[in-house]
Amino acid sequence: MSHKVRVRFAPSPTGGLHLGGVRTVLFNYLFAKKHGGDFIVRIEDTDQSRFVTGAEAYIFDCLKWCGLTPDESVLHDGAYAPYRQSERKEIYRQYAEQLIKDGHAYYAFDTPAELEQMRELLKIKGSSSLQYDHHVRMNMNNSLRLLPIETQQLLDAGTPYVIRIKISADEFIPFTDMIRGDINFDTNAVDDKVLLKADGMPTYHLAVVVDDFLMKITHAFRGEEWLPSAPVHILLWKYLFGLNKMPQWAHLPLILKPDGNGKLSKRDGDRLGFPVYAMDWSDPVTNEITKGFKEIGFLPEAFINLLAVLGWNDGTEQEIFSIVELIEKFSMEKVHKGGAKFDFEKAKWFNHEWIKKLEVDHYAVRVKEIFESNGIAITDDNYLKKVMGLVKERCTLLPDFFIQGSFFFQAPVSIDTLAIKPKWDEKRNLFFMELIRVWELSTLWESTDLEISFKELAAANQLKTGELMLPLRIMLVGGKFGPGVFEIASAIGKEVTIKRIEHTLSLLQ
RNA sequence: GCCGCGUUGGUCAAGAGGUUAAGACGCCUCCCUUUCACGGAGGAAUCACGGGUUCGAGUCCCGUACGUGGUACCA
């Protein structure tokens, strides 16, 4: 307890950063910050065949957008560098050798073909498992079966080999998971996992344990898919560093697809029409772009919020949390055991809430970009912010500001005259002609003034205001949506208002 | 197949043996608004199943079903 809390997020740079990945980062981050600890990002790039250019930089971009800044990482320095496992390659070997020396691991020279043959044989024998374990290892080509001199000869000859952990039979590995409580594993179900690959790189199993030790990690949080290999890691801790130094584990529940079965994948997003990655990911090989939450118009505050409450809640009715509140209220014990299906409708609701809640200044820059990418140059930022304030409660995603607010900047592209025509007649036509004259002479242009003059004129013409407001709205907006008509008229100004009324009037002739 | 983990409305979920089983999203109705939203009021809809334990079980135990993950020189 006297040690400073240190946690890590350890992604493989193999592609886009998935919702589940961001949530793992988030829970790590929240836990670290809550306990005044350090949040470390370590790049687990031990599989050279899966390396993807740009993926690492992309991960850091996502973290930056989310506001989850690491204390130590490839980009943030720290006392335990390097933070990229490929650069730590030499470190791992000595631990693997140590395990061999202590009798907990061995060299295995079996070729892929021989391994396949072994599995075929087990299958024929009707064995329930096809594992490389105590049942078969004495029939295999490894240093356990070979004479020491034979092993040495193979080694000297440069024969390719891996180092495997020697899992003893009939042993129980108990451990406590912060979320799931006490769990017991039977070693008979675990195989002699490869620790060091033929290319000299460690596998995940060796690398996590060694690095977590070296980097003084106190709490290790990862996805539930790692639970079955936990006994291997625990054994390695026991053999290498001692169980008393082992971090506390928590295996986070999975995020599942909304329909059907299984883990949420990128393909589900494509299929169901929502993003699965935090930010746009462009595949360097195929150039295919996969949409991200940021780009479709999510606020980072909302993204973080919705992820936090997917599998966790503080036991109250509260659903909207700022990052500061999350840090204060988060606890690993309240994380669920079961996986949660992702619901995009609810995700959008969070964004809507955050758009309403936040001052428009927080996201005006992005909305400005959206307008500009739609061909509307914003020359007056204050006017933009005013418009945003007027329409924000109708916007769920950031691009909605364009849909809801373009008519403040340009004449409506199309005018829904069909909505006016059924109740249109000469009397109403004359009313609007007169309205133009009245408003042209008006020196006051506040929405309340406009409403008063509009209503007075309607009364004088013995027309119901209500029947005239919809036509006015259509004239100014183009359709049946948007904030109060008089507020719109006031915002767009006298000249534009009159021009739009005249234009629609001519359309109605 | 084997091993692990899980299971409260359609979805997210509160719930630590005694509750009329919260709340939210979505859906429906109504009010507000002569637009669309926002806001407000209401509605439909749930403890996977079977056995125990107990005066009493969504809550504890055991089975079953279902889901999910793992079973690679991937992480």
Side-chain angles (χ1 to χ4, degrees), chain A residues 10-14 44-47 49-50 85 108 110-112 115 119 123 126-132 160-164 177 179-180 183-186 188-191 193-205 207-208 222-231 251 253-254 256 258-263 306 309-320 334 336-350 352-353 356 391-396 400 404 416 419 464-474 476-477 479-485 488:
Chain A
S12 293
T14 54
E44 309 224 332
D45 55 347
T46 53
D47 186 0
S49 68
R50 295 212 310 163
Q85 289 183 331
D110 315 277
T111 63
L115 291 173
R119 295 194 177 108
K123 223 181 273 180
S127 170
S128 65
S129 95
L130 307 178
Q131 297 184 145
Y132 195 124
Y161 67 89
V162 300
I163 294 178
R164 306 186 90 109
D177 184 283
I179 296 169
R180 287 152 215 284
I183 300 174
N184 221 337
F185 277 97
D186 181 350
N188 290 314
V190 349
D191 61 340
K193 286 260 180 281
V194 170
L195 263 20
L196 202 73
K197 303 186 251 189
D199 64 2
M201 277 290 191
T203 58
Y204 172 84
H205 305 105
V208 247
R222 59 194 351 179
E224 192 188 351
E225 67 269 27
W226 290 108
L227 201 46
S229 48
H251 291 87
L254 269 8
L256 310 170
D259 59 343
N261 312 321
K263 249 202 306 191
L306 74 92
V309 297
L310 199 59
W312 171 86
N313 80 85
D314 74 340
T316 71
E317 285 183 15
Q318 185 174 354
E319 292 199 276
I320 302 297
K334 285 217 154 247
H336 281 198
K337 297 184 176 87
K341 288 185 181 172
F342 181 68
D343 181 2
F344 188 55
E345 290 307 316
K346 182 98 187 208
K348 284 194 292 190
W349 175 79
F350 278 104
H352 190 27
E353 290 300 308
K356 284 189 290 173
V391 303
K392 67 191 282 195
E393 68 197 22
R394 287 148 237 267
C395 297
T396 297
D400 292 342
Q404 292 291 333
D416 185 9
K464 285 181 184 165
T465 332
E467 291 173 4
L468 299 165
M469 279 170 71
L470 184 68
L472 178 60
R473 168 176 300 281
I474 304 285
L476 303 185
V477 175
K480 289 197 254 184
F481 63 98
V485 243
I488 294 169

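Below, read A as the first sequence line, B as the second, and so on, with proteins coming before strands; counting in each chain starts at 1. When reading the values below, keep in mind they use all heavy atoms of this one structure, side chains included, and skip hydrogens, waters and symmetry mates. Just so it is clear, the structure is predicted and the values come from calculations on it, not from any experiment.
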Send over the distance from [X] [atom1] to [N] [atom2], rounded to a whole Å.
X      : N      : atom1 : atom2 : result
A:H251 : B:rG4  : NE2   : C1'   : 11 Å
A:L310 : B:rU11 : CG    : C1'   : 10 Å
A:R50  : B:rC73 : CZ    : C1'   : 13 Å
A:E317 : B:rA22 : CD    : P     : 11 Å
A:Q85  : B:rC73 : CD    : P     : 18 Å
A:K348 : B:rC38 : NZ    : P     : 13 Å
A:L227 : B:rA75 : CG    : P     : 19 Å
A:Q404 : B:rU35 : CD    : P     : 15 Å

Tell me which nucleotide among [options] gets nearest to the side chain of [X].
X      : options                : value
A:M469 : B:rG70, B:rU34, B:rC12 : B:rU34
A:Y204 : B:rG70, B:rG4, B:rA75  : B:rA75
A:D47  : B:rC5, B:rC36, B:rA75  : B:rA75
A:L254 : B:rA75, B:rC25, B:rG69 : B:rG69
A:R180 : B:rG6, B:rU71, B:rA37  : B:rG6
A:D343 : B:rC38, B:rG10, B:rA75 : B:rG10
A:K341 : B:rA75, B:rA24, B:rU11 : B:rU11
A:R119 : B:rC36, B:rC73, B:rU34 : B:rC73
A:H352 : B:rC12, B:rC38, B:rG70 : B:rC38
A:A340 : B:rC25, B:rU34, B:rC12 : B:rC12

Both distances below 3.5 Å, Watson-Crick or wobble geometry, any strand: find the nucleotide opposite [N].
N      : answer
B:rU46 : none
B:rG39 : B:rC31
B:rA57 : none
B:rC2  : B:rG70

OP1 or OP2 of [N] sitting under 4.0 Å from any side-chain N/O of [X]?
X      : N      : answer
A:N313 : B:rA13 : no
A:S127 : B:rG1  : no
A:K334 : B:rG15 : yes
A:R164 : B:rC73 : yes
A:H336 : B:rA14 : yes

Could you tell me how far [M] sits from [N] if I compare only their [atom1] atoms? Round to whole Å.
N      : M      : atom1 : answer
B:rG26 : B:rA13 : C1'   : 14 Å
B:rU64 : B:rC25 : C1'   : 33 Å
B:rU8  : B:rU19 : C1'   : 14 Å
B:rU29 : B:rU20 : P     : 32 Å
B:rA75 : B:rG18 : P     : 48 Å
B:rG15 : B:rC2  : C1'   : 35 Å
B:rC32 : B:rA45 : C1'   : 27 Å
B:rC3  : B:rA14 : C1'   : 33 Å

Within-4.5 Å side-chain heavy-atom neighbours: [X] and [Y]:
X      : Y      : result
A:V162 : A:T203 : no
A:R164 : A:K193 : no
A:P202 : A:Q85  : no
A:I488 : A:R473 : yes

Quick one: label [X] by what it contacts on the DNA or RNA (base, sugar-phosphate, nothing), any heavy atom closer than 4.0 Å.
X      : value
A:P253 : nothing
A:G311 : sugar-phosphate
A:F185 : sugar-phosphate
A:G482 : base
A:R473 : base
A:V391 : nothing
A:G484 : base
A:V194 : sugar-phosphate
A:D110 : base
A:I474 : nothing

Starting at the 5' end of RNA chain B, which residue's closest nucleotide do you reach first, A:N184 or A:A108?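 Its nearest nucleotide being more 5', the pick is A:N184.
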
Could you say whether A:P483 or A:K337 is positioned toward the 5' end of RNA chain B, judged by the nucleotide with the nearest heavy atom to each?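 The 5'-side residue here is A:K337.
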
With no angle test and no hydrogens, is the base of B:rA24 tied to the side chain of A:K346 by a donor-acceptor pair under 3.5 Å?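 By the distance-only test, yes, there is a pair.
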
Please give me the minimum heavy-atom distance between A:K197 and A:T46, naming the atom from each residue.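 Between these two residues, the closest heavy atoms are NZ-O, 3.2 Å.
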
How close do A:E319 and A:V309 get, counting heavy atoms only, and between which atoms?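 The answer is O-CG1, 4.1 Å.
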
Working for side-chain contact (heavy atoms from CB on, under 4.5 Å), residues A:F344 and A:L306: CA-CA 10 Å; A:F344 188 55; A:L306 74 92; over 6 Å; no

Listed by chain and number, what are the side-chain hydrogen bond (donor to acceptor under 3.5 Å, both in side chains) partners of A:D400, not counting sequence neighbours?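 Not a single residue meets the side-chain hydrogen bond (donor to acceptor under 3.5 Å, both in side chains) criterion with A:D400.
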
For the pair A:D47 and A:R50, find out whether any cationic side-chain nitrogen is under 4.0 Å from an anionic carboxylate oxygen.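 Result for this pair is yes, salt bridge flagged.
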
Using a 6.0 Å distance limit plus a 45 degree cone around the ring axis, check whether A:R394 lies over the aromatic ring of A:F481.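 Relative to the ring axis of A:F481, which defines the angle, A:R394 lies outside at least one limit.
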
